[in-house]
Asks: 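Have a look at this one.
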Amino acid sequence: MRISIKLKFSLFLAVLLILSVGILSYFVLRGVGLNQQAQIEGLLAQHVKTVNLRVKQTYYTGTRLTPQAFMQQRGKALAAELAGFTGLQVTLYDTKGQQVGTSLQREGPAAGNPADALAYALQNKIAYQSSGDTLLYLAPLQGPEQQMGVVQLEYPLQDARSFQRTLLNLFLTTGAAVLVLSFIGGYLYFNKAAAAIGRLKKAAESIRRAEYISAPPVKRKDELGELAEGIYFMSREIDSSIAAKDEEQRKLQLAVQKLQALEQQQKQYIGNISHEFKTPLTSIKAYVDLLNMYDDDPKLLSDAKLSIAKETQRLYEMVEKVLQLTALEKYDFESQAELLEVADVLQDICSRMKGKAERYGLTITLDAEPAHIWIDKESFMHIFINLLDNAIKYNVPQGTVHLHGRVRDHRVWITVRDSGIGIPAESRDKIFEPFYTVNRDRSRQSGGTGLGLSLVRNLVEKQNGTIELLEPDGEGTAFQLSFPVMS
């Protein structure tokens, strides 16, 4: 059977109180009894002295008799006289133990049989015994030379015993009241403590169920309060540790997913670069084989020179961009940021690309608001030279390339729009992937490697910028870039 801790504490308090009240009552009553006994014995001893003095006085002033004869003749009168002095019942005995006088109305002992005590007192010693509510006190009577008899004093014990009974009843009633009140107070106090322990238990069970507490379950300035603070601190630490573990697990899962994605990209990257390198090398090898077979053909020699030079240049550009892209993906990009005026630098870039645009019969225009950004100048120029180069390569005869720049929301927004062949909807999500080209035949004709946009995106992100391919608005392609403006 389960017994609650508050009931255990209350029962323990009740037993403790019973023992305390019982032991206290015992020693107090015993002390009172001993004190009363000492007072009675002192009083009776004083009466015996008075009796002895009176007997000696009577013996010396009267007719000279033997002690035995004196006791026989004067015993009754002395007993009555001594009773008047002491206020007690007095009985006198001679040396033979015979009663010679008493103050009692009838002869014979009034309380019990003092034979044993009388025999003891006849040996010149004091003896007493209780009989009912009377104490018999027997003491020797001293004669001129030796003991001449025994005096017996009867002391009533009703008042003393009544006082002891009253004191006992007072202890019983007071002890019972104290016991009841203390038990009730202790029960209420332990009930409060048990309730606090119950809340601590519920808090521990909540922590076991991973339901962590947000505040100490008990607010007290004692050991239970300290325990509550400890449980709260433990809950908070466990919650923090589990949250940190979950966060580390989440990061680990993301890292694993990223590694898997990188592994897949690496396989695809290697496959793409192998394929892209194989195409110009195949062309070069084919011309070398033809030259070995027909080295005296002037037209073949001329075509071979042009094709090999073109494919070699394409390989060189491809290797160069692959190295740049790899450096961006594997290492921190070493850049030297500086304060750049966007409109001026875009104007410089357009001037550099103007010659190539004119060879293709294209027109480049610029409309940009002044804006200052903190960026690496070489990276900024590389970004827009690549975008303009693509806009020129994949444009149509007599086409246009337009750059537009505006400042809003603490950023500069730059749009590069061309009137070229555009990008099909199925290719829009893949346009920034390495080696991806919309039209491989035209890319080979124009010298495209499929790495330019991938490199541009990496450069933009390294400079805290954004780039996106806008939805088509008529013909052509439009890219929108943004960079934070220096205020």
Asks: Looking only at heavy atoms, what is the nearest atom pair of Phe70 and Leu65, with distance?
Replies: N-CB, 4.1 Å

Asks: Any non-hydrogen side-chain atom of Gln99 less than 4.5 Å from a side-chain atom of Gln152?
Replies: no

Asks: Between Thr91 (side chain) and Thr102 (backbone), is there a donor-acceptor pair under 3.5 Å?
Replies: no

Asks: Check the surroundings of atom CG in Asp159: do more than 12 heavy atoms from other residues, nucleotides or ligands lie under 6.0 Å from it?
Replies: no

Asks: Go through it in stages, so that I can follow the logic: the residues are Val407 and Trp413, the test is side-chain contact (heavy atoms from CB on, under 4.5 Å), and I'd like the CA-CA distance, side-chain angles, deciding distance and then a yes or no.
Replies: CA-CA 6 Å; Val407 177; Trp413 299 83; over 6 Å; no

Asks: Looking at Arg30, I want to see if its CZ is surrounded by more than 12 non-hydrogen atoms of other residues, nucleotides or ligands under 6.0 Å.
Replies: no

Asks: What heavy-atom pair brings Ser103 and Ala83 nearest, and what distance separates the two atoms?
Replies: CB-CB, 3.4 Å

Asks: Near Phe27 CZ, under 6.0 Å, is it more than 12 heavy atoms from other residues, nucleotides or ligands?
Replies: no

Asks: Output yes when a side-chain donor or acceptor of Asp409 lies under 3.5 Å from a complementary backbone atom of Arg411, and no otherwise.
Replies: no

Asks: Would you indicate whether Lys96, at its atom NZ, is surrounded by more than 12 heavy atoms from other residues, nucleotides or ligands within a distance under 6.0 Å?
Replies: no

Asks: Enter the distance from Thr466:OG1 to Phe483:CZ here, rounded to the nearest 0.5 Å.
Replies: 7.5 Å

Asks: Determine, step by step, whether Leu403 and Leu388 satisfy the side-chain contact (heavy atoms from CB on, under 4.5 Å) criterion, reporting the C-alpha distance in whole Å, the side-chain angles of both residues, the deciding distance to 0.1 Å, and the verdict.
Replies: CA-CA 9 Å; Leu403 278 75; Leu388 290 176; 3.3 Å; yes

Asks: I'd like to know if the side chain of Asn458 and the backbone of Ser454 have a donor-acceptor N/O pair within less than 3.5 Å.
Replies: yes

Asks: Under the criterion side-chain contact (heavy atoms from CB on, under 4.5 Å), I'd like the reasoning laid out for Arg406 against Asp367: C-alpha separation, chi angles, the key distance, then a yes or no.
Replies: CA-CA 9 Å; Arg406 289 292 181 268; Asp367 177 17; 3.1 Å; yes

Asks: I want to check something: taking the side chain as every heavy atom from C-beta on, are Val345 and Phe384 in contact at a cut-off of under 4.5 Å?
Replies: no

Asks: Does a side-chain heavy-atom distance below 4.5 Å link Ile373 with Phe380?
Replies: yes

Asks: Is the side chain of Gln147 donor-acceptor paired with the backbone N or O of Asn124 at a distance under 3.5 Å, no angle test?
Replies: yes

Asks: Please confirm whether the backbone N or O of Gln142 pairs with a side-chain atom of Asn52, one donor and one acceptor, at under 3.5 Å?
Replies: yes

Asks: How about Gln146 and Thr95: do any of their side-chain heavy atoms sit closer than 4.5 Å?
Replies: no

Asks: Do Leu82 and Phe85 make a side-chain contact, defined as non-hydrogen atoms from C-beta onward lying under 4.5 Å apart?
Replies: yes

Asks: What's the separation between atom CG in Leu118 and atom CD in Gln129, rounded to the nearest 0.5 Å?
Replies: 10.0 Å

Asks: Are His382 and Ile385 side-chain neighbours, meaning at least one heavy-atom pair lies under 4.5 Å?
Replies: no

Asks: State, with a plain yes or no, whether a side-chain heavy atom of Glu154 is found less than 4.5 Å away from one of Leu88.
Replies: no

Asks: What's the separation between atom CG in Leu141 and atom CE in Met148, rounded to the nearest 0.5 Å?
Replies: 7.0 Å

Asks: Using modelled atom types and a 3.5 Å cut-off, is there a donor and acceptor pairing between side-chain atoms of Glu468 and backbone atoms of Leu470?
Replies: no

Asks: For Leu157 versus Ser130, what's the shortest heavy-atom pair and its separation?
Replies: CD1-OG, 4.1 Å

Asks: Can you name the nearest heavy-atom pair linking Arg165 to Gln158, along with the distance?
Replies: NH2-O, 4.5 Å

Asks: Would you mind writing out the side-chain donor-acceptor pairs for residues 224-244 within the sub-3.5 Å range, not counting sequence neighbours?
Replies:
residue, atom, partner, partner atom, Å
Ser235, OG, Ile213, N, 3.1
Ser240, OG, Arg236, O, 2.9
Ser241, OG, Glu237, O, 2.8

Asks: For Arg250 and Gln253, run side-chain hydrogen bond (donor to acceptor under 3.5 Å, both in side chains): C-alpha distance rounded to whole Å, both residues' side-chain angles, the deciding distance at 0.1 Å, then the answer.
Replies: CA-CA 5 Å; Arg250 185 187 67 82; Gln253 290 176 348; over 6 Å; no

Asks: Quick one: CG on Leu153 to CD1 on Ile40, what's the gap to the nearest 0.5 Å?
Replies: 12.5 Å

Asks: Minimum heavy-atom separation for Pro217 to Ala203, with atom names?
Replies: CG-CB, 3.8 Å

Asks: Hey, what do you get for OG1 (Thr477) to CD1 (Ile431), rounding to the nearest 0.5 Å?
Replies: 7.5 Å

Asks: State, to 0.1 Å, how close Leu339 and Met486 come at their nearest heavy-atom pair, and which atoms those are.
Replies: CD1-CG, 3.8 Å

Asks: With no hydrogens and no angle check, is any side-chain donor or acceptor of Glu341 less than 3.5 Å from a backbone partner on Ala371?
Replies: yes

Asks: Is there a side-chain contact between Tyr128 and Leu44, using heavy atoms and a 4.5 Å cut-off?
Replies: no

Asks: How long is the straight-line distance from CG of Leu78 back to OG1 of Thr58, given to the nearest 0.5 Å?
Replies: 5.0 Å

Asks: Could you tell me whether a side-chain N or O of Thr174 sits under 3.5 Å from a main-chain N or O of Phe171, the two making a donor and an acceptor?
Replies: no

Asks: Could you give me the CA-CA distance, side-chain angles and deciding distance for Phe479 and Val456, then say whether side-chain contact (heavy atoms from CB on, under 4.5 Å) is met?
Replies: CA-CA 11 Å; Phe479 290 93; Val456 166; over 6 Å; no

